[in-house]
Amino acid sequence: MTTPVWDFVRRYAGADAARLHMPGHKGVPLLGCEPLDITEVQGAGELYGDSALLTESRQNAAALFGSGATLYSTEGSSLCVRAMAYLALTLRPNGTPPVILAARNVHRSFVSALALCGGEAVWLWPETRRSLCACEIPPAALEKALDALPAPPAAVYVTSPDYLGGLADIPGLSAACHARGVPLLADNAHGAALRFLDPCLHPLALGADLCCDSAHKTLPVLTGGAYLHLSARLPAAFFSAAEGAMALFASTSPSWLTLASLDRCNALLADTWPRELRRTAKALEKLRQRLARAGWTLRRGGDPLRLTLAGDGAVIAARLREGGVEPEYADRDFCVLMASPGNPQSHLDRVADALGENDLPPRRPVPLCMNPPERVCSVREAVFAPRETVPLEKALGRVCAGIPAACPPAVPVCVPGERLDRDALALLRALGHRSVEVLTER
Ligand SMILES: Cc1ncc(COP(=O)(O)O)c(C=O)c1O
């Protein structure tokens with residue numbers, strides 16, 4: 001597979017041009033990568049514009065992911081999430097309200113997208129909630145929620161995989177959406193690599209219409225590199241509006257290092273990387289079995305490239321760090337590890353050695369007893385209204401104005417415009433928040 005961006009950047013780095021253009025480092029190596037870090041010099045073109053190099057590279061990516069079109073982001077999935085919401089809201093059929101029916105475990109970028117685009121969410125809550133990160137919505141529950149709305153929404157939005165590796169039933173959810181003429185949007189930030197597993201678990205292949213992947217999270221791509229995929233099923237209007245939607249929210253200074261990295265990754269994905277990914281998935285499954293034999297409780301049936309241990313995450317993470325392993329995420333109920341072909345078998349062995357036998361006292365996960373809160377005003381109204389920061393002890397009954405979401409997992413406990421009740425405050429406290437932004441009272 002061709003690598004036009006990577007080739008161009010390398011050629012430019014080797015050409016010894018006097019760089020009387022941005023960036024100010026002029027290609028002089030301080031970190032080491034500066035010679036490759038270019039800008040829109042002659043021949044490179046604009047990311048959302050006329051670049052022949054990027055057009056060819058994106059077409060390569062689209063072929064690899066089986067999309068109708070794939071766009072690049074150097075600002076992560078956060079940018080793509082805003083573009084997805086914008087597309088769904090602006091291209092909704094006449095008479096459709098600016099509403100997105102969304103599973104509640106959204107990343108904070110979705111909430112900022114609502115504020116920026118003036119959309120409103122109707123939230124889907126799971127039947128039981130064991131983690132802020134997870135929100136299981138069976139297709140039957142989605143059908144019921146869709147049919148209960150006065151009019152079909154502009155879109156349905158799910159996060160899959162979630163931070164714990166849970167996978168939504170995309171075939172079932174997309175069937176429920178498509179039967180009602182509603183597009184399904186998937187935040188697949190954590191699942192770019194799912195495309196290359198056997199069977200393929202990528203949301204686009206399973207029925208999603210628009211989908212974002214943080215390539216940098218699971219593929220050998222520099223931080224910030226992400227894809228916005230459009231399904232070939234989408235109406236033409238989505239294809240003509242997609243670049244404009246990305247450009248609306250994006251910087252005019254994309255990282256060409258990251259673009260070169262996305263481009264270089266295409267060649268790996270067309271070559272040995274998928275085989276390596278499948279090998280990693282198998283090795284992780286063996287590690288799960290080994291850990292289960294050692295008494296550890298693991299979440300099963302989710303993202304094959306993620307290993308999620310149930311138990312006091314902080315304690316498990318400390319044990320891993322002592323053994324020379326840095327986990328991806330730990331909270332009071334779970335510890336999450338992410339693997340890729342970049343991890344040799346010795347890293348996985350190190351996990352098993354660091355954890356040893358599970359001698360931790362048994363612990364029940366703390367249930368999240370959050371009832372759907374009262375909505376006082378729209379997300380947009382709350383985000384743009386005068387605000388103040390108050391300690392949690394003084395926040396009961398006040399209206400949330402910020403997006404309280406520690407990162408990771410950056411899943412908001414409450415959303416701007418919602419009244420803060422005892423449940424929300426208890427959860428904020430449990431997650432280490434001390435204060436919260438609220439609307440000023442008139
Ligand atoms: C579920 C989810 N969606 C979106 C994002 C944003 O992705 P990025 O960091 O690539 O902007 C994240 C980031 O962690 C995430 O966890």
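Indexing begins at 1, ligand by ligand and atom by atom, following the structure's order.
- Shown here are the side-chain contact (heavy atoms from CB on, under 4.5 Å) partners of Pro274, two or more places apart in sequence or in another chain: Phe196, Arg278.
- Using a distance-only test at 3.5 Å, with no hydrogens or angles considered, no donor-acceptor pair links the side chain of Thr159 to the main chain of Asp162.
- For residues 190-208, the set of pairs meeting the salt bridge (charged side-chain N to carboxylate O under 4.0 Å, His left out) definition, not counting sequence neighbours, is empty.
- Here Arg306 does not pair with Glu285 in a salt bridge; the nearest charged N to carboxylate O distance is not below 4.0 Å.
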What are the polar N/O contacts of ligand 1 with the protein below 3.5 Å, with distances?
from, atom 1, to, atom 2, distance (Å)
ligand 1, 3 (N), Asp187, OD1, 3.2
ligand 1, 3 (N), Asp187, OD2, 2.5
ligand 1, 7 (O), Ser214, OG, 3.4
ligand 1, 9 (O), Lys217, NZ, 3.3
ligand 1, 10 (O), Ser77, N, 2.8
ligand 1, 10 (O), Ser214, OG, 2.7
ligand 1, 10 (O), His216, NE2, 2.8
ligand 1, 11 (O), Ser77, N, 3.1
ligand 1, 11 (O), Ser78, N, 2.9
ligand 1, 11 (O), Ser78, OG, 2.6
ligand 1, 14 (O), Lys217, NZ, 2.8
ligand 1, 16 (O), His190, NE2, 2.7

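- By the salt bridge (Lys or Arg N to Asp or Glu O under 4.0 Å) test, Glu143 pairs with no residue at all, sequence neighbours left out.
- Salt-bridge formation is detected for the pair Arg233/Asp209: a Lys NZ or Arg NE/NH1/NH2 atom is positioned less than 4.0 Å from an Asp or Glu carboxylate oxygen.
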